[in-house]
Number of protein chains: 4
Amino acid sequence: MCSDATERRAPSKAPTAGRSFIETARRRQLIDAAVATVNEIGYHRASLAEIAKRANIAKSAVVYYFASKEALLLELVETVFAALGEAVLTSVDGVESPAARLRAYAEAYLAHVDADRHAIVAAVEIVISHRTADGTPLYLIEDDQDTALLRSILAAGMEDGTFRTMPIGVATGLAESVLDRAITLVQRAPQSDLGELRAHALPFLFRALGVAHV
Amino acid sequence: MCSDATERRAPSKAPTAGRSFIETARRRQLIDAAVATVNEIGYHRASLAEIAKRANIAKSAVVYYFASKEALLLELVETVFAALGEAVLTSVDGVESPAARLRAYAEAYLAHVDADRHAIVAAVEIVISHRTADGTPLYLIEDDQDTALLRSILAAGMEDGTFRTMPIGVATGLAESVLDRAITLVQRAPQSDLGELRAHALPFLFRALGVAHV
Amino acid sequence: MCSDATERRAPSKAPTAGRSFIETARRRQLIDAAVATVNEIGYHRASLAEIAKRANIAKSAVVYYFASKEALLLELVETVFAALGEAVLTSVDGVESPAARLRAYAEAYLAHVDADRHAIVAAVEIVISHRTADGTPLYLIEDDQDTALLRSILAAGMEDGTFRTMPIGVATGLAESVLDRAITLVQRAPQSDLGELRAHALPFLFRALGVAHV
Amino acid sequence: MCSDATERRAPSKAPTAGRSFIETARRRQLIDAAVATVNEIGYHRASLAEIAKRANIAKSAVVYYFASKEALLLELVETVFAALGEAVLTSVDGVESPAARLRAYAEAYLAHVDADRHAIVAAVEIVISHRTADGTPLYLIEDDQDTALLRSILAAGMEDGTFRTMPIGVATGLAESVLDRAITLVQRAPQSDLGELRAHALPFLFRALGVAHV
DNA sequence: GATGAATGAGGCTTCATTCAT
DNA sequence: TATGAATGAAGCCTCATTCAT
């Protein structure tokens, strides 16, 4: 759905500017509660009341901290994808060759999805389901620059002959799809063991990209 | 999301048993309206009122033909995936070698998604978003046997050495993910040109499966 | 609820005037279906659709024969209580002494309730539940003259010293209540055996009215 | 309909646990409004909107305090019959002889019906008309133990020779019917003067039970 | 900093009734 | 004679949000 998040723009509001300790904690707690709620009953039924219940807090307190339900959901999505983006970004830091960078990227991506699966599944469901007031789906807003890092790795690899040449958009999209299989898996069964996938997805992807000796 | 549909079970009720001409037409019209509605404003906001508005019909008339909103949505999903399943099933009919069967399957799949994109995008959004009364997501119900054909093709190909050996579940899932890239594309931009993808996805997939001479 | 129905006024419309054979049969059939429906699911849920279903007929056909749901229900009530009224009226015909008349009345009443219990229970539920368009409950319309026969028997008995003297309204009401215990019983359990009640209610009532040697 | 209520079970939820002052008041107000509504327009038409209108409150506020219309109605019934049960229970407390106990019981019952007539008429109509989601009428749930006190008094009286021996079920039922005449009266005319009935019902009942010197 | 109270908009569904055939 | 089609009104309920405290 959303493979990375290079150079994440600063969140709309100042990140943690002027937030009291308790406020930060409450916001964290509410995001966690929202994750749990979406996972348990789905975006469609994740009402403020349900989220508040799971946070052991009054419904109106949610709005007190987040101005609106949408703001909470958006921050959840932002937070989750920022973490994923940071993970992959860190993983390729200092790595030189396109092949090694792709390997690092993919492994970090899959590892992060594996580790943070609950939050990611919730965030993905929100991105798919939520629409802003004017009807725009979130994935049209969130997307784009998220795949920039992956795209740049693949482009570099094609340039230097590591990867087969093919339209960069197609390659990026297919690579993204392969990696996102991990998300589909945990979506369908939260307890899935991702071991097998993690073992085979990378060779699969490398071969697909024309790297013969894998 | 849903790569094929071997031997689709007959819909719960008799298919078109004793339906008047006008009833059949209305049901078709309502399903189309539902597709349009979901595509325009999303599952979450696709209320009976919105669907009825697009069908130029009273809200209560929708229920007159479908008993419930859920019934309408479910029939939409059933119809759409049945057509997709039939398309791929037909395409491999009489084809012998695993490689040729996979090629036929993938081309039919992509062609169908390309041609029927609106309906498929709507159906996929419903499958992802809808929950039955007891909270079960639809994709947990709909799934399973839908990938049976693809799985059997891959299994046969591994058996006879056409494809590299790897866990069948992983292979099927990754192949599905590659093909479903087409759905993701039309989801994000309904007017997408799938030409490039259709040209490259199959070689990409074949290489990934270890078929060298592609 | 409603002890008898002396000198029933003619039903609003001419009784059977100019009704074809089939029309009469249909009306009968629909009344029976309405009785069954009310008994099975209660007045509140006894919709035209449910009644029609039990009559194996289209919903619109009900209205075709009865002009409105209310007309059907009212005719049901009318029919049922007319039969009860006729039964008791016949039973006292030619009987002279107040005591014997009361005995005849009570036995006929209880026997009729016992025999026609389904229809009576349904009619009573309708009388209790239904309100005309202006909000008047049916029992305020239906009642009154229904107790005239019982009242006249008791009045005669008090006059000639058979029964203890007491306000005629109170006596009639209490006697009615005693007899209506049979209805309450079948209301609560449609299969009730009324044998015990039928054996003891009359002595109970006679003693209550001051007839010592019972 | 419901002659007493020995040892009323505690309401499902804690009685008034943790209810704020305003909540208690609102709930009371809503129950009163429901009583008024049912009396004015009948159970069948007593919608949330009508109840809310009479309580000068928004429809949704009703649900805010009661979770569902059914919960409100059930609490109304519970409250009303609990009060009636308590009244009769208190009245016989410390009274020894069956005759005196029956007198106390009957007088308390009639006095309570007389005093609380509006609420009782409403509660009775609800008990008769309401069906739970699965179709069960309320009187099949509410009933049973409500007549236990009356039954025990009559049984004791038969045992010690005060009352004529007769099947206890029949006796209890008929006694109940006699007393419930008061309810029927106020049902049909809310302003009825119960004076005459209260003066004659008890002697009537005693004679019926074979107590000669009344 | 946090909440209980309250609401209005909107969602799904039921239903008696009308009408053309 | 009978019905399928269609509807509008109304019913119950959910929910995000506002506000006074």
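Proteins get letters first, then strands, A, B, ... in listed order; numbering begins at 1 in each. Note that this is a predicted model, so its numbers are computed, not measured.
Checking the phosphate oxygens (OP1, OP2) of E:dG11, a side-chain nitrogen or oxygen of B:Ser47 falls inside 4.0 Å.
Across the protein-nucleic acid pair, C:Glu70 atom CD and E:dT17 atom P stand 8 Å apart, rounded to whole Å. For C:Lys69 and F:dA9, the NZ to P distance is 19 Å, given to the nearest whole Å. Here F:dC13 presents its C1' atom at 14 Å from CD of A:Glu50, a figure rounded to the nearest Å. For the pair C:Leu72 CG and E:dT17 C1', the interatomic distance rounds to 14 Å; values are reported in whole Å. Rounded to whole angstrom, the span from the CZ atom of C:Phe66 across to the P atom of F:dT1 amounts to 14 Å. Distance OH (A:Tyr64) to P (F:dT21): 17 Å, rounded to an integer number of Å. Atom CG in D:Leu73 sits about 15 Å away from atom C1' in F:dC13, given to the nearest Å. Computed from coordinates, the B:Lys59 NZ to E:dC15 P distance equals 16 Å when rounded to whole Å.
Considering only heavy atoms from C-beta on, A:Arg45 stays 4.5 Å or farther from A:Glu50 through its side chain.
You'll find that the side chain of D:Ala58 is closest to E:dT7, out of E:dG11, F:dA5, E:dT7. Listed nucleotides: E:dG1, F:dG8, F:dC12. Nearest to the side chain of A:Ser20: E:dG1.
The residue among D:Asn56 and C:Val63 whose nearest nucleotide of DNA chain E lies closer to the 5′ end is D:Asn56. Across the interface with DNA chain E, nearest-nucleotide mapping of B:Ala67 and D:Phe21 shows D:Phe21 to be the residue nearer the 5′ end. Two residues, A:Arg45 and B:Ile57, neighbour DNA chain F, and the one matched to the more 5' nucleotide by heavy-atom proximity is B:Ile57.
Residue C:Ala61 is classed as a base contact, given a heavy-atom separation below 4.0 Å to a base. Base engagement by C:Ser60 is indicated by at least one non-hydrogen atom pair under 4.0 Å involving a base atom. D:Leu48 comes within 4.0 angstrom of the backbone, heavy atoms only, and of no base.
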- request: Please test B:Arg27 against B:Glu75 for salt bridge (charged side-chain N to carboxylate O under 4.0 Å, His left out), starting from the C-alpha separation and ending with a verdict.
  value: CA-CA 9 Å; B:Arg27 290 172 66 94; B:Glu75 176 131 346; 2.8 Å; yes
Step-by-step ring pair (Phe, Tyr, Trp, His ring centres under 6.0 Å) determination, C:His44 to D:His44: CA-CA 7 Å; C:His44 197 58; D:His44 191 55; 4.7 Å; yes
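With a 3.5 Å ceiling on both atom-pair distances, the Watson-Crick or G-U wobble partner of F:dA9 is E:dT14. With both pairing distances under 3.5 Å, E:dT21 is matched to F:dA2 as a Watson-Crick or G-U wobble pair.
The side-chain contact (heavy atoms from CB on, under 4.5 Å) with A:Phe66 is formed by just one residue from the set A:Leu48, A:Leu76, A:Ile31; it is A:Ile31.
Salt-bridge formation is detected for the pair D:Glu40/D:Arg54: a Lys NZ or Arg NE/NH1/NH2 atom is positioned less than 4.0 Å from an Asp or Glu carboxylate oxygen.
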